[in-house]
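Since the structure comes first, as structure tokens, the remarks are kept for the end.
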Number of protein chains: 2
Amino acid sequence: MPPLKRPSAMRDTKPPASNPASELPHEATKAMPIALLRAREALMSRFRPMLAEHDFTSQQWRVIRLLNEHSTLDAAQLAEKAFILPPSLTRILANLETRDLVTRVQSSSDRRRYLFTLTTPGEEAFRKISPDRIKVYKEIEAYFGRDKINLLLSLLDELAQF
Amino acid sequence: MPPLKRPSAMRDTKPPASNPASELPHEATKAMPIALLRAREALMSRFRPMLAEHDFTSQQWRVIRLLNEHSTLDAAQLAEKAFILPPSLTRILANLETRDLVTRVQSSSDRRRYLFTLTTPGEEAFRKISPDRIKVYKEIEAYFGRDKINLLLSLLDELAQF
DNA sequence: ACAATTTAATTAACTTGTTAACCTTATAAC
DNA sequence: GTTATAAGGTTAACAAGTTAATTAAATTGT
């Protein structure tokens, strides 16, 4: 027997108190923030356990990954690329420095800036996790298809301009 | 003069250490989690200041909004609909109860459950904020278009199944 | 009826998100 | 050159995300 999702006998929704036509057509838009959250969670729930095995949060990992790609970045660049706010980034970098995965050197040309680099153990950690990471990417592509991924990405980018 | 986004003289990216063809095609997929984050932030950055004026976080508001729609929900239903994990929800509900916006009654049929309802001030808060909220929805639709919104939503829902 | 298992919600501990204030160094104005 | 202003990063305070452990009540098995 197919599961009853919403027996019409048990209605738990109030009729919208007073809903002029001008306010009705926003149902889709209203659902957008949570839809974005759910989609993201569907992805992250695959990455998180794998990263946790290596004692990384996804944000810590994002920083590691960016430093592997760019070798040296200052905090502002990291914040922009990883989409992490400065106060969070400060804590994350402090954590990674404590664990000897990342080092900082003060910029000589602008002494407000600090330049961050992976240590050798940091690079090793990156290499150690990468294969698992790629495995998950392949699963996602196998499920969703590369065309849909690109379409979705372009819609998301456009929305992000808003 | 168009801004130079990436003068080719200053390359800061390492060549990918060793990148067999099998590992190359994941660039798009790799960007997906952050693209979802950025798109969501583009929306939330409109709602947050407006909610903050009324002393609500977006999560608190989600709970208020759901209780307005459904009049009575238990914590499990709220967690599922608002996509908030139980420990966060416990704190949010405690906060809203302290502010007399929400009340709880213990379910008589299952005394592990608590049923939550908006108080009169809670309903007033909802009504007070609603017009601003709808204004933002309209801006989003004006910018993005309802068709794209529906397309995006269906892609997100499909991805969320993963 | 009783022990074992499951479920709803909470608590604990830690990390991150969010805003505002702050400190230090660069840059701009005069 | 000195003062004002801006920019990079950190600190502080509180809310929320995340995982694991806990408590109390319901359900299952026997």
Side-chain angles (χ1 to χ4, degrees), chain A residues 33-34 36-38 40-41 43-64 73-99 102 104-116, chain B residues 33-34 36-38 40-41 43-64 73-80 82-99 101-102 104-116:
Chain A
I34 291 193
L36 289 163
L37 205 53
R38 285 185 196 269
R40 184 175 150 80
E41 181 55 23
L43 300 186
M44 298 315 290
S45 66
R46 305 289 178 121
F47 288 107
R48 238 190 318 260
M50 172 192 110
L51 293 174
E53 279 180 27
H54 300 270
D55 287 298
F56 287 115
T57 65
S58 64
Q59 291 85 344
Q60 292 164 356
W61 175 253
R62 250 185 284 162
V63 170
I64 298 277
L73 293 171
D74 63 36
Q77 294 170 315
L78 273 171
E80 193 271 329
K81 290 179 195 291
F83 208 66
I84 293 176
L85 293 175
S88 294
L89 188 57
T90 293
R91 288 177 298 219
I92 291 166
L93 287 170
N95 176 314
L96 296 177
E97 287 179 84
T98 301
R99 294 159 67 184
V102 164
R104 86 169 58 197
V105 295
Q106 193 170 32
S107 162
S108 53
S109 61
D110 181 345
R111 286 182 340 210
R112 291 171 305 183
R113 279 194 169 74
Y114 295 94
L115 304 176
F116 296 90
Chain B
I34 291 193
L36 290 162
L37 205 52
R38 286 185 196 270
R40 184 175 150 82
E41 180 56 23
L43 300 186
M44 296 317 289
S45 66
R46 305 287 179 122
F47 288 108
R48 236 189 321 259
M50 171 193 112
L51 293 174
E53 278 181 29
H54 300 270
D55 288 298
F56 287 115
T57 64
S58 64
Q59 291 84 346
Q60 290 164 359
W61 175 253
R62 247 185 285 160
V63 170
I64 298 277
L73 294 171
D74 62 36
Q77 294 170 317
L78 273 171
E80 193 271 329
F83 206 66
I84 292 176
L85 292 174
S88 294
L89 188 57
T90 293
R91 289 178 298 219
I92 291 165
L93 288 169
N95 175 313
L96 296 177
E97 287 179 85
T98 302
R99 294 159 65 184
L101 299 167
V102 163
R104 85 169 59 198
V105 297
Q106 194 171 32
S107 161
S108 54
S109 61
D110 181 345
R111 285 180 342 208
R112 293 170 305 182
R113 278 195 168 75
Y114 296 93
L115 304 175
F116 296 90

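Computed from a prediction, not measured in an experiment: that's the story for all the values here. Note on naming: letters A, B, ... go to the chains in the order of the sequence lines (proteins, then strands), and numbering restarts at 1 for each one.
- Using modelled atom types, one side-chain atom of A:Arg40 and one backbone atom of B:Pro33 make a donor-acceptor pair closer than 3.5 Å.
- Rounded to an integer number of Å, the gap from B:Trp61 CH2 to D:dA16 C1' is 19 Å.
- By the 6.0 Å and 45° rule, A:Arg48 does not stack over the aromatic ring of A:Phe56.
- A:Gln77 contributes a side-chain N or O that, together with a main-chain N or O of A:Asp74, makes up a donor-acceptor pair within less than 3.5 Å.
- Distance alone, capped at 3.5 Å, is enough to place a donor-acceptor pair between the B:Thr90 side chain and the B:Pro86 backbone.
- With DNA chain D read from its 5' end, the first of the two nearest nucleotides for A:Ala52 and A:Arg91 is the one closest to A:Arg91.
- When rounded to the nearest whole Å, the span between CD of A:Glu41 and C1' of D:dG17 equals 9 Å.
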Could you pull out the protein-nucleic contacts involving nucleotides 7-10 of chain C (nitrogen or oxygen on both sides, under 3.5 Å)?
| from | atom 1 | to | atom 2 | distance (Å) |
| --- | --- | --- | --- | --- |
| C:dT7 | O2 | B:Arg112 | NH1 | 2.6 |
| C:dA8 | OP1 | B:Arg113 | NH2 | 3.3 |
| C:dA9 | OP1 | B:Ala75 | N | 3.3 |
| C:dA9 | OP2 | B:Ala76 | N | 2.7 |
| C:dT10 | OP1 | B:Arg104 | NH1 | 2.5 |
| C:dT10 | OP1 | B:Arg104 | NH2 | 3.1 |
| C:dT10 | OP2 | B:Thr90 | OG1 | 2.8 |

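- For the pair A:Gln106 and C:dT25, the criterion of a side-chain N or O lying under 4.0 Å from OP1 or OP2 is not met.
- No donor-acceptor distance shorter than 3.5 angstrom exists from the side chain of B:Glu97 to the backbone of B:Val102, with no hydrogens or angles considered.
- Salt bridge absent: A:Arg46 and A:Glu41 never bring a charged side-chain N and a carboxylate O closer than 4.0 Å.
- Along DNA chain C, the nucleotide nearest to A:Arg111 and the one nearest to A:Phe83 differ in position, and the one closer to the 5' end is contacted by A:Phe83.
- Look at CG on B:Leu85: it is 15 Å from C1' on C:dA12, rounded to the nearest Å.
- Summarising the geometry, the separation between CD1 on B:Ile92 and C1' on D:dT18 is reported as 14 Å, rounded to the nearest angstrom.
- A cation-pi arrangement is absent between A:Arg104 and A:Phe116 under the rule of less than 6.0 angstrom and at most 45 degrees off the ring axis.
- If you check every strand for non-hydrogen atoms under 4.0 Å, A:Thr57 touches sugar and phosphate atoms only.
- Rounding to whole angstrom units, CE of residue A:Met50 and P of D:dT18 are separated by 16 Å.
- For the pair A:Gln60 and C:dT16, the criterion of a side-chain N or O lying under 4.0 Å from OP1 or OP2 is met.
- Between the CZ atom of B:Phe47 and the P atom of C:dT19 there is a distance of 15 Å, given to the nearest Å.
- Distance, A:Asn95 CG to D:dT10 C1': 16 Å, rounded to whole Å.
- For B:Gln59 and D:dC14, the CD to P distance is 18 Å, given to the nearest whole Å.
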